[in-house]
Undergrad: 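Have a look at this one before I ask anything.
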Amino acid sequence: MAKHIDTIPIEVCILTVDHDIKGTVHVSKYTNTNRELTDLLNDKERRFLAVTNAEIYSRNGNVPPRRYNFLEIHMDYVLMVHPSSQVVFKESSKAQEDIARFRELRSKLNQTKPF
């Protein structure tokens with residue numbers, strides 16, 4: 001595998017309608033450190049998000065995650081991307097409340113119809 005000399009790997013969690021995906025994306029090392037993911041996701045020329053060391057967790061069942069060395073995700077299916085370091089862990093009661101609010105919001109968003 002070629003080395004990415006102009007990129008920085010960032011471990012991320014990606015939410016789609018049906019899946020949670022954990023993996024690594026590579027962002028430009030020449031970007032402002034606070035905007036690395038934002039710049040990557042807002043690139044109008046980019047139609048797919050490349051993810052390495054990907055694990056796909058289905059929300060519609062109790063199946064083990066599928067693992068891929070490399071995966072491309074169409075940007076139209078990406079709901080949210082955030083660094084793994086910012087993932088909320090389920091151990092605390094506050095985290096449980098945040099997760100419940102997020103699921104409620106996601107449910108409401110899924111019920112709305114696009115224009």
Side-chain angles (χ1 to χ4, degrees):
M1 180 180 279
K3 291 196 178 220
H4 302 278
I5 58 174
D6 291 331
T7 63
I8 300 168
I10 297 180
E11 290 185 27
V12 295
C13 289
I14 302 165
L15 301 180
T16 68
V17 173
D18 298 319
H19 300 91
D20 294 333
I21 303 168
K22 294 180 183 179
T24 304
V25 297
H26 295 267
V27 298
S28 172
K29 70 178 182 181
Y30 305 111
T31 303
N32 180 333
T33 56
N34 292 333
R35 299 200 41 88
E36 295 164 335
L37 281 175
T38 302
D39 289 348
L40 178 71
L41 297 172
N42 288 333
D43 182 353
K44 300 277 188 220
E45 300 296 316
R46 185 176 300 276
R47 298 304 308 141
F48 291 89
L49 180 62
V51 182
T52 59
N53 302 320
E55 293 181 357
I56 301 176
Y57 298 85
S58 176
R59 289 199 203 127
N60 300 330
N62 219 3
V63 296
R66 293 174 295 185
R67 291 177 174 80
Y68 298 91
N69 290 330
F70 180 79
L71 183 68
E72 285 188 326
I73 305 166
H74 196 281
M75 294 299 285
D76 289 349
Y77 295 101
V78 174
L79 299 176
M80 181 171 53
V81 178
H82 55 90
S84 293
S85 62
Q86 295 179 3
V87 173
V88 176
F89 295 97
K90 297 182 181 183
E91 284 79 13
S92 73
S93 61
K94 170 81 169 93
Q96 289 293 336
E97 292 170 12
D98 291 342
I99 291 167
R101 278 197 303 276
F102 177 75
R103 287 185 176 147
E104 181 181 331
L105 176 60
R106 184 173 55 207
S107 175
K108 288 178 183 178
L109 287 172
N110 287 338
Q111 292 172 5
T112 61
K113 298 199 187 295
F115 295 95

Undergrad: Tell me, please, which residues at least two apart from R66 pass salt bridge (charged side-chain N to carboxylate O under 4.0 Å, His left out).
TA: none

Undergrad: Roughly how far apart are K22 NZ and N53 CG, rounded to 0.5 Å?
TA: 13.5 Å

Undergrad: Got a sec: does the OH of Y77 have more than 12 other heavy atoms crowding it under 6.0 Å?
TA: no

Undergrad: Kindly give the heavy-atom pair with the smallest separation between I56 and Y68, and that separation in Å.
TA: CD1-CE1, 3.5 Å

Undergrad: Quick one: ring-ring contact (aromatic ring centres under 6.0 Å, His included) pairs with a partner in residues 5-25, sequence neighbours left out?
TA: none

Undergrad: Can you list every pair that meets salt bridge (Lys or Arg N to Asp or Glu O under 4.0 Å) and has a residue in residues 10-20, with sequence neighbours left out?
TA: D20-R59

Undergrad: List the atom of G23, the atom of V51, and the distance in Å for their closest heavy-atom pair.
TA: CA-CG1, 3.8 Å

Undergrad: Give me the atom names and distance for the closest heavy-atom approach of V25 to A50.
TA: CG1-O, 3.5 Å

Undergrad: Suppose we screen for side-chain contact (heavy atoms from CB on, under 4.5 Å). Which residues come up paired with V78, at least two apart in sequence or across chains?
TA: I14, I73, V81

Undergrad: If you group Ile, Leu, Val, Met, Phe, Trp and Tyr by side-chain heavy-atom gaps below 4.5 Å, do I10 and M75 land in one group?
TA: yes

Undergrad: Taking ring-ring contact (aromatic ring centres under 6.0 Å, His included) as the test, write out the residues that go with Y57, two or more places apart.
TA: none

Undergrad: Just verifying a value: how many Å separate E72 CD and L49 CG, rounded to the nearest 0.5 Å?
TA: 9.0 Å

Undergrad: Suppose we screen for salt bridge (charged side-chain N to carboxylate O under 4.0 Å, His left out). Which residues come up paired with R46, at least two apart in sequence or across chains?
TA: none

